[in-house]
Amino acid sequence: MPEFREVSCRVNGENRSFVVDPMMPLLHVLRETLGLMATRFGCGEGTCGSCTVMVDGQAVMSCDLPAGEVAGKRVETAEGLDGDPPHPLVAAFLDHQAGQCGYCLPGILMAARALLEGESTPPSRARIAEALDGNLCRCGVHARILDAVEDAARHMIRR
Amino acid sequence: MTVDAPPPPLTDAPLMRDWIDISPAGGVTFLSGRVELGQGNSTALLMMVADELGVSSDAVTLETARTDRTPNEGFTAGSMSISFGGQALRCAASALLVQMLDAAGERLGCPPQELRVEDGEILRHGVSTGLELLDFVAAADLSCRVADLARPKAGGERWKTFRDMPRIDLKERLVGAPFVHDMAAPDMLHGAPVHPPSLHSALVSLDLDALMARPGVVEVVRDGSFVGVVADSPLASARAAEWAAKNGTWEATRIEAIDPVEVIAGSTADAETVVETGDVNRNIGRWYETTVTRPYIFHGSIGPAAAVAVWEGDEATVWTHSQGVFQLRKAMAMALRTAEEKLRVIHSPGAGCYGHNGADDVAFDALLMARAVPGRQVKVVWSRHDEFRAAPMGAAMATRVRALLGPDNVLTAVDVMVNSAPHTSRPGAGGTPNLRAAAYLENPIRPARSPDVPAARGGGADRNAAPTYKVDAVRVQRRLVHDLPYRSSALRSLGAHNNVIAIESLMDDIANDIGLPPLDFRLQHMTDQRSRDVLERIAVETREAREVSLPEGAGWGLGFARYKGTGGYCAVMVRIEVDGDVRVTDAFAVADVGEAVSPDGVKNQVEGGMLQSISWTLKEAVQVDGSSTTSKSWADYPILKFSEVPRVSVELVERPGAFPLGAGEISQGPTGAAVCNAVRAALGIRVRNLPITRGAIIAAANA
């Protein structure tokens, strides 16, 4: 039987502690233990990006990241973008109506946020596309998503 | 009623109460049998009723697709939500408006003809009366027939106060948890199926006691060759199911490795003539011919199929992202040999399905597993591997087109033969449940031979096999190939993707051969003004981009079709560059879908169809071995990535007041065709076997 352990980290700015099998993928802790369902299960093997979250500012796929590895770290999920006013990325996605089914979108938001927060000047469209290559979209909303991220970049990066 | 013919959904659901519910507090809910699949139709339907009533869209609510409440509108498929479902709802809203304005007229002592509604307020001769329309809901008599009262606004009267509206559900999809996958309940359990590796294998042995002892397992269900594991967490059920798959043994009917496309293309099964106008057996002129094939294609939802089920006594409730809740209920009842009334099926959003994927199968899996733990909700989310091996696929096809070019470079005959696996095995098609697990229960019901989709509903294999051009003699035959060991069903646009590619490839080949610009050659065979309009407009939209000189290995291609011959018109031009792989750099479309309820929503659908079609056409092929698919993960089945996406531009030919024609499936055929024709233009090589990978180009060059 796995050995359970207490893991403490910051999730969307709040201190959270949970007792889990530290080898359990972070995705399941977020969804089942913490009830943060915006991070989605898509493949469970790190090939689609639906479960992308940020850990200490980096975009990572939470479906194959052991929960024990986020101890003491900052975890950000799409729920954290739902403010009033909403985060510039959410506002831009709404402006551009950059979505159809939306299953992939929270993961894409987090991959985009990690990119934009790490840049000092708005990245090129090609660079944004490259940063999103690990995130699959099947509805074919890619072009709108790139438009939205470019737009958000202009709001988030003003130097 | 002032509309000539009531929309078809009103035949089976004629009463106002079929479409409208009024709460004791006076809240108005419109009821639609259409499901939101991510295409934005619930927003468009809400806009249509709000526009008809003259109220804001948040003044009323919309409830969709549940067997205990909404009308049965069949499957939400074939781009008919707005054309039929929306028109029916608009009529229902109109009937309600008539009753409310009658009551308002009585109160004001004036004939209702003097009244109209703007932003929820009743105006008399255009002047405020101080009365709100929705204060008159008590006057509604929902036992009336919609068609007796409805006088829906004519084209010019619509959309006076608002035009287009953002999706009502997008925010929640961005940062919330709207999916059936996200349902939660305090004592919810989690199920995972252990499907046999193929439709042709049976479970021989599996140590159920050992499975029961795996971590977190609460119950194990075995019925024939179906095994389900119910556990206390999704991860525990998934891991136990993986253990079972490794430790069980299944016996498969041995099926030799085959190339499905070869089998389909070479089939000599009986052919059925579905279109015959004039006699194609003529000889004056020159015959041209091409055959285009495509492999099986995955629907490829990003979220695997999911459902939640709970049994209370001998009755059950299922939450599902199926395209047809009533049809699923009937199929599940048939498979369980129980009465339909015992089952309640409620739509809940899933990831985009793009047709008939595993949504219905997983709902039945959940129902089977939940039966073992009465009173507790069981959520089942398929694994990625389940999604790729157990769900129906888009059919492999081979379309042969022959065309006779007569005197004056006029096409006088087109003869099309479509060989294809069937394009529908939806629940109930052919009179069997067509739910995967039903095929291997102790008392199995194997799927019947698919009848494919009848021509009256746009055809399946033969969809868009008749060209959208004026030609004297046209014959279309379809040859359904049933003897492949795979399951295929509706994938967006059905046969239209491959058929339009085949026809448009040949149109280009002929134009090139006689030295005419492809666009001109098409226009010469068009008498229909709306077709001409989209083609002429695409030339204008792309003119500037086409004036830029092309580097070596680059080219432009054109594709056009009117979907199903009766739906939306779409012309597409793409620019590609080939450097080993084909890359689409620019994609333009012009579409005419009649009245666009939400122009931006239409553009989004057309765009999505284009990008999905580029992915199918350039990249996608399901790998098979014997009776199983061997593509197990996204790593084995690459689809279009962000860095491979072109610049996209979609323009609409606006037709206010024209019958809405649907948008979700109009661009796949034309886009695939445009890509193929661009490859021909760039390289001088006609690639006839999809997908157009590096290897396919080399093979075509050496052929």
Side-chain angles (χ1 to χ4, degrees), chain A residues 1-2 21 24-25 27-28 31-32 35-38 40-45 47-50 77-82 86-87 89-90 93-95 97-109 125-126 128-146, chain B residues 37-40 166-167 169-179 181-182 184 190 215 233-235 238 299-304 349-354 381 383-384 387 587 600-601 603-605 607-615 633-635 639-648:
Chain A
M1 288 297 282
D21 167 5
M24 177 185 264
L27 171 67
H28 292 273
R31 289 183 61 86
E32 305 301 320
L36 295 170
M37 296 277 198
R40 323 254 208 247
F41 171 83
C43 68
E45 48 201 22
T47 56
C48 77
S50 303
T77 70
E79 279 94 348
L81 304 180
D82 184 18
H87 188 276
L89 272 165
V90 174
F93 275 63
L94 292 172
D95 262 4
Q97 289 288 289
Q100 284 185 25
C101 86
Y103 200 88
C104 66
L105 292 178
I108 288 173
L109 283 172
R125 193 175 176 93
I128 295 169
E130 197 188 315
L132 297 181
D133 261 353
N135 294 75
L136 300 180
C137 160
R138 185 58 160 168
C139 295
V141 191
H142 308 72
R144 284 174 181 243
I145 290 171
L146 293 173
Chain B
L37 303 169
Q39 75 282 51
R167 286 270 297 273
D169 52 351
L170 185 55
K171 171 95 178 291
E172 203 188 1
R173 287 168 190 252
L174 280 161
V175 295
F179 295 103
H181 309 68
D182 306 327
H190 301 268
S233 78
L235 195 60
H299 292 73
S301 273
I302 301 299
C353 61
Y354 323 109
V381 180
S383 69
R384 177 50 50 190
E387 188 74 18
D600 186 65
K603 286 183 180 182
N604 203 342
Q605 283 299 299
E607 248 174 78
M610 292 164 78
L611 295 180
Q612 196 170 69
S613 178
I614 289 172
S615 186
S633 79
W634 289 115
I639 62 172
L640 200 71
K641 294 188 296 186
F642 273 91
S643 58
E644 297 167 331
V645 163
R647 283 179 289 270
V648 182

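Convention: sequence-line order gives letters A, B, ...; per-chain numbering from 1. The figures that follow rest on heavy atoms only: side chains count, while hydrogens, waters and symmetry mates do not.
Counting heavy atoms from C-beta on, the side chains of A/Leu146 and B/Phe642 come closer than 4.5 Å. Under the 4.5 Å side-chain criterion, counting only non-hydrogen atoms from C-beta, B/Ser301 is not in contact with A/Tyr103.
Here A/Arg138 is the residue among A/His142, A/Gln100, A/Arg138, A/Glu79 with the most heavy-atom pairs under 4.5 Å with chain B.
Look at A/Glu45 and B/Arg384 and you find no salt bridge, because none of the NZ, NE, NH1 or NH2 atoms lies under 4.0 Å from a carboxylate O.
B/Glu387 is linked by a salt bridge (charged side-chain N to carboxylate O under 4.0 Å, His left out) to nothing, counting only residues two or more places apart in sequence or in another chain. Partners of B/Lys603 by salt bridge (charged side-chain N to carboxylate O under 4.0 Å, His left out), not counting sequence neighbours: none found.
When all heavy atoms of B/Gly176 and A/Arg40 are compared, the closest pair comes out as O-NH1, 2.9 Å.
At a 4.5 Å heavy-atom cutoff, A/Ala126 makes no contact with chain B through either its backbone or its side chain. Contact annotation for A/Glu32: only side-chain heavy atoms (C-beta onward) come within less than 4.5 Å of a heavy atom of chain B.
Side chain of B/Asn604 to backbone of A/Gly99: a donor-acceptor contact under 3.5 angstrom is found.
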Inset, instruction - Would you sort out whether B/Leu174 and A/Leu94 count as a side-chain contact (heavy atoms from CB on, under 4.5 Å), showing the intermediate values? - result: CA-CA 9 Å; B/Leu174 280 161; A/Leu94 292 172; 3.8 Å; yes
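Atom CD of residue B/Glu172 and atom CG of residue A/Leu105 lie 13.0 Å apart, to the nearest 0.5 angstrom. If you take SG on A/Cys137 and CD1 on B/Ile639, they are separated by 8.0 Å, rounding to the nearest 0.5 Å.
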